[in-house]
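Before we start, here is the structure in question, set down as structure tokens.
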Amino acid sequence: MSRNGTITIRDVAREAQVSVATVSRALNGHDNVAEEVRKLVLETARRLRYQPHAAARSLSSRSTQTIGVVLPDLYGEFFSELIRGIDGVAREHRRHLLVSSYHGAQDAQGAALRAMRGRVDGLLVLSPYADQPGFLTDNLPDGLPVVLINTHLPHGDYPVLNIDNHGGAVAMMRHLVASGRRRIAFIAGPACNFDAAERLRGYRDALAELLPGVAEQVLPGRFDEASGMEAGTALLAAGSRPDAVFAANDTMALGCLFAFNQAGVRVPQDIALAGFDDVPVARFVHPPLTTMRISIAELGANALRRLLQDIQAKAPLALPDPAPLVPELVVRDSAPAAAAL
């Protein structure tokens, strides 16, 4: 025990009757430790309430055992599910998370990225500015492993994990048209958001293919409930109502549903309603929401697994980007198939 009463790694080694090096290897998850010895060391450390000294560990190993995560926001079920997936893999690998959000401001995100310098072993970044010239190179620490999520990056300097947002939007439009809907409005997401842009592109491409000559009806949105409610209210005030509304995410679809319910508009009898993401609450509203299901937690988990490969290799690996996650159509009562109408 140290002079200030703190339990040290030497105390754990003495109590377990093994070397300090063996304790270090066991606590850091190295493979060259017999399983019985590992269990003994972990139990001894737990019993003695040993806590590794993070700063000393970082200096000796040049590792912080911490992963940085920079997101546009922390509000909403999409981000909570993403963090849940990342955290699950972090726990498996005994890594900590340092999470930051920048609320959409480019300068704030640049500052968040720069603040990670020296604090983390690698970074997961979801950024609408990744394709801006110089943004990543100006703000990311040199040599730090980085994986991007849901980002358009044509030059391929960093690994990217994406969702097939365009294909998912086309699939939803095919479903709505097959169920007999012809006047389909779309609630778009933020203009600078890659996911939102791809879903809008899918809506437009499908409309041109499936309903040639039918004019698009696109309303602005911000991926939050309030903008979905605003869009729903605006649609009801318009001279010609749509017979279906496709929102670029579930959160806006739920805000739109609230506006319809307040106005006495029946879903789906008067207007069908669909979303995108399949956040957990989507199945529990009335009527349950038809949507495109993404395993958001799986996206986060896969991103961290890819990042850990680079961290453990101590160099960027020449691996192809994983194939985009393909959304799955989930048909519920808010926009049923034609036979269920």
Side-chain angles (χ1 to χ4, degrees), residues 9 21-35 37-38 41-42 52-71 82-100 109-110 112-127 130-131 134-163 295-325:
I9 194 172
T22 297
V23 174
S24 177
R25 288 194 295 269
L27 293 177
N28 286 299
H30 293 182
D31 295 331
N32 55 343
V33 180
E35 189 58 30
V37 175
R38 187 190 310 281
V41 169
L42 294 177
H53 192 292
R57 172 183 281 184
S58 178
L59 288 172
S60 63
S61 66
R62 295 186 179 179
S63 171
T64 67
Q65 299 298 305
T66 302
I67 301 297
V69 184
V70 178
L71 302 173
L82 190 70
I83 288 292
R84 185 172 70 85
I86 294 169
D87 184 61
V89 175
R91 287 174 178 270
E92 290 174 13
H93 293 267
R94 298 175 186 169
R95 301 274 180 163
H96 306 291
L97 297 181
L98 181 59
V99 182
S100 177
Q109 189 188 33
L113 294 176
R114 294 191 299 274
M116 294 289 179
R117 190 184 307 272
R119 300 182 177 185
V120 298
D121 298 331
L123 268 176
L124 297 177
V125 180
L126 200 166
S127 169
D131 59 351
F135 177 75
L136 293 177
T137 55
D138 290 347
N139 292 300
L140 289 174
D142 292 338
L144 185 70
V146 175
V147 169
L148 305 178
I149 302 172
N150 288 6
T151 299
H152 176 58
L153 197 65
H155 43 79
D157 290 344
Y158 302 96
V160 181
L161 276 78
N162 277 325
I163 298 164
S295 178
I296 304 168
E298 180 184 356
L299 177 67
N302 288 345
L304 182 49
R305 291 189 185 103
R306 177 63 182 85
L307 179 63
L308 289 172
Q309 288 180 299
D310 279 358
I311 292 172
Q312 290 160 4
K314 298 182 179 179
L317 297 172
L319 298 174
D321 288 343
L325 286 179

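Only a predicted model underlies this, so the values are computations on that prediction, with no experimental measurement involved.
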**Study point:** CA sep, side-chain torsions, deciding dist, call: Ile86, Val99, side-chain contact (heavy atoms from CB on, under 4.5 Å)
**Key:** CA-CA 11 Å; Ile86 294 169; Val99 182; over 6 Å; no
Review point. Does the side chain of Leu82 reach to within under 4.5 Å of the side chain of Leu126, using non-hydrogen atoms?
Key: yes
Point to revise | Steps toward side-chain contact (heavy atoms from CB on, under 4.5 Å) verdict (Tyr158, Val125) | key: CA-CA 11 Å; Tyr158 302 96; Val125 180; over 6 Å; no
Exercise for review: Identify the heavy atoms of Leu123 and Met116 that sit nearest to each other, and give their distance.
Suggested key: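 Shortest heavy-atom contact: CD2-CG, 3.6 Å.
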Point to revise | Whether Asp87 side chain and Ile83 backbone form a donor-acceptor pair below 3.5 Å | key: no
Exercise for review: Compare every heavy atom of Asp310 with every heavy atom of Pro159, then report the nearest pair and how far apart it is.
Suggested key: CG-OD2, 4.0 Å
Exercise for review: Could you tell me which non-hydrogen atom of Arg94 sits nearest to which non-hydrogen atom of Leu27, and how far apart they are?
Suggested key: NH1-O, 3.4 Å
Point to revise | Which atom of Leu161 lies closest to which atom of Ala303, heavy atoms considered | key: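 Answer, listing the atom of Leu161 first, then Ala303: CD2-N, 3.4 Å.
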Check your understanding: Do the side chain of Asn162 and the main chain of Asn150 share a donor and acceptor less than 3.5 angstrom apart?
Key ->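 The answer is yes, because a donor-acceptor pair under 3.5 Å joins these two groups.
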Check your understanding: What pair of heavy atoms forms the shortest contact from Asn302 to Leu325, and how long is it?
Key ->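 Residues Asn302 and Leu325, closest heavy atoms: ND2-CD2, 4.5 Å.
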Practice item. Could you give me the CA-CA distance, side-chain angles and deciding distance for Arg95 and Leu304, then say whether side-chain contact (heavy atoms from CB on, under 4.5 Å) is met? Key: CA-CA 11 Å; Arg95 301 274 180 163; Leu304 182 49; 5.9 Å; no
**Study point:** Atom pair CZ (Arg306) and CG (Leu124), whose distance is rounded to the nearest 0.5 Å
**Key:**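 Interatomic distance, Arg306 CZ to Leu124 CG, rounded to 0.5 Å: 11.5 Å.
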Check your understanding: Between the side chain of Thr151 and the main-chain N/O of Ile149, is any donor-acceptor distance below 3.5 Å?
Key ->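 Side chain of Thr151 to backbone of Ile149, a donor-acceptor pair under 3.5 Å: yes, one is there.
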Exercise for review: Give, for atom CD of Glu35 and atom CZ of Arg38, the distance between the pair rounded to the nearest 0.5 Å.
Suggested key: 5.5 Å
Review point. Can you check side-chain contact (heavy atoms from CB on, under 4.5 Å) on Val146 and Leu136, steps first, answer last?
Key: CA-CA 10 Å; Val146 175; Leu136 293 177; over 6 Å; no
Review point. Do the side chain of Asp121 and the main chain of Thr64 share a donor and acceptor less than 3.5 angstrom apart?
Key: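 Yes, Asp121 side chain to Thr64 backbone: donor-acceptor pair under 3.5 Å.
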Review point. Which pair of heavy atoms, one from Ser127 and one from Phe135, lies closest together, and at what distance?
Key: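 So the two residues come closest at OG-CE2, 3.8 Å.
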Exercise for review: Calculate, to the nearest 0.5 Å, the distance between atoms CD and NE2 belonging to Gln65 and His93 respectively.
Suggested key: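 Spacing of CD (Gln65) from NE2 (His93) equals 11.5 Å.
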Check your understanding: For Arg119, does the CZ atom have more than 12 heavy-atom neighbours from other residues, nucleotides or ligands under 6.0 Å away?
Key -> no
Point to revise | 4.5 Å side-chain heavy-atom contact, Leu308 and Val89 | key: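 Of all side-chain heavy-atom pairs linking Val89 with Leu308, at least one is under 4.5 Å.
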**Study point:** Separation of His96 NE2 from Arg91 CZ (nearest 0.5 Å)
**Key:** 10.5 Å
